[in-house]
Amino acid sequence: MLFEIMLRTFVMYFYVLLILRLTGKREIGQLSPFDFVVAIIVAELAARPLEDPNMPLWYGLVPIGLLGLLEVVLSWLTLKSRGLRLFLYGHPQTIIKNGKLLRSEMKKSRYNLDDIMCQLREHGVANIQDVEMGVLECSGKMSIILKSQKRPITPEDLGLRTKYEGLPTILIMDGEIARENLRLIDLDEEWLLQRLREKGLTVDEVLIATISTDGRLFINEKDDGKNNRDK
């Protein structure tokens, strides 16, 4: 009996994980009402065969698979149909415009002042007057666009030219060499090993190593007692 329960748990866990992976990469906070309802039903269906050992496992597997298929099909259809997309996911609402709250939109979305002030604080905004546009997204999060005179100064505002930065390339992660990344930037494994030998390190001792677009190599060792090396 114990083995059967363990086996059911493992099968259901990896099956649900597979279904969720196939349905997309949206975070929990980005789920639409439709996605949220599907997630709740999947959780209930997955729990039933685990609670009742006498219930066949496929009582949970088949409905979950059908829901996953429905989610994938509807997600594909929403790419083609804006009307269906609006029906399932809703549309963004402007809550703040030119530093003033739009009470009518607040009523439609049932978004109160405490919700708005919380969202403003999360964006580091103290005054509603500083906001040019506050848009309530379909996920329930608010996008804040500050007035031009309240935005941080950028190099473009000062007429300064900046160099391309890009993202650093990971060369080693958890003691394993990312060979594909080395090939993408026209470097080889021998070059990397030589750089490690110069610092008295082996690949197994490295937690992560990256190289920036300007050629700077950063190495973070697994041993927290040692200093990170950036050169």
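Bear in mind the structure is a predicted one, so any value in this text is a computation, not a measurement.
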Look only at the side chain of Asp157 and the backbone of Thr154, and say whether a donor-acceptor pair between them is shorter than 3.5 Å. yes
Run the salt bridge (charged side-chain N to carboxylate O under 4.0 Å, His left out) check on Glu190 and Arg197 step by step: do they pass? CA-CA 10 Å; Glu190 182 57 36; Arg197 285 194 291 267; 2.7 Å; yes
List the steps and the verdict of salt bridge (charged side-chain N to carboxylate O under 4.0 Å, His left out) for Arg48 and Glu51. CA-CA 5 Å; Arg48 289 177 62 193; Glu51 295 172 348; over 6 Å; no
Grab the two heavy atoms, one from Ile144 and one from Met142, that are nearest each other, plus how far apart they are. CD1-SD, 3.4 Å
Judged by atom type as modelled, is there a donor-acceptor pair below 3.5 Å linking the side chain of Thr94 to the main-chain atoms of Val135? no
With distance as the sole test, does Ser81 use its side chain to make a donor-acceptor pair with the main-chain N or O of Thr78 at under 3.5 Å? no
Nearest 0.5 Å, what's the CG-CG distance between Leu7 and Leu57? 8.0 Å
Under 3.5 Å, is there a donor-acceptor pair between the side chain of Lys222 and the main chain of Ile208? no
Sub-3.5 Å donor-acceptor pair from the side chain of Glu205 to the main-chain atoms of Thr202, do we have one? yes
To the nearest 0.5 Å, tell me how far Leu61 CG sits from Trp58 CH2. 10.0 Å
Over 12 foreign heavy atoms within 6.0 Å of CG, Leu158: yes
Taking every heavy atom of Ile19 against every heavy atom of Gly68, the minimum-distance pair comes out as CG2-CA, 3.8 Å
What do the steps show when you test Met106 against Leu102 for side-chain contact (heavy atoms from CB on, under 4.5 Å), and what is the final call? CA-CA 6 Å; Met106 292 172 59; Leu102 302 182; 5.9 Å; no
Does one side chain, of Ser212 or Asp214, offer a donor that lies under 3.5 Å from an acceptor on the other? yes
Main-chain N/O of Asp130 paired to Asn127 side chain as donor or acceptor, under 3.5 Å: no
Say you draw a straight line from CG of Leu184 to CZ of Arg179; how long is it, rounded to the nearest 0.5 Å? 14.0 Å
Here the gap from Lys141 atom NZ to His123 atom NE2, rounded to the nearest 0.5 Å, amounts to 8.5 Å
Measure the spacing between OH of Tyr15 and CG of Leu17 and express it to the nearest 0.5 Å. 12.5 Å
If you look at every heavy atom in Glu137 and Ser143, which pair is closest and at what distance? OE2-OG, 2.7 Å
How far apart are the closest heavy atoms of Ala178 and Ile170, and which atoms are they? CB-O, 3.6 Å
Sub-3.5 Å donor-acceptor pair from the side chain of Arg8 to the main-chain atoms of Leu50, do we have one? no
Flag for Gln93-Tyr111: side-chain donor and acceptor within less than 3.5 Å: no
Can a salt bridge be assigned to the pair Glu105 and Lys108 using a cut-off of 4.0 Å between side-chain N and carboxylate O? yes
On a heavy-atom basis, the closest approach of Val42 and Ile64 is O-CD1, 4.0 Å
Taking everything shown except Gln194 itself, do over 12 heavy atoms lie less than 6.0 Å from its CD? yes
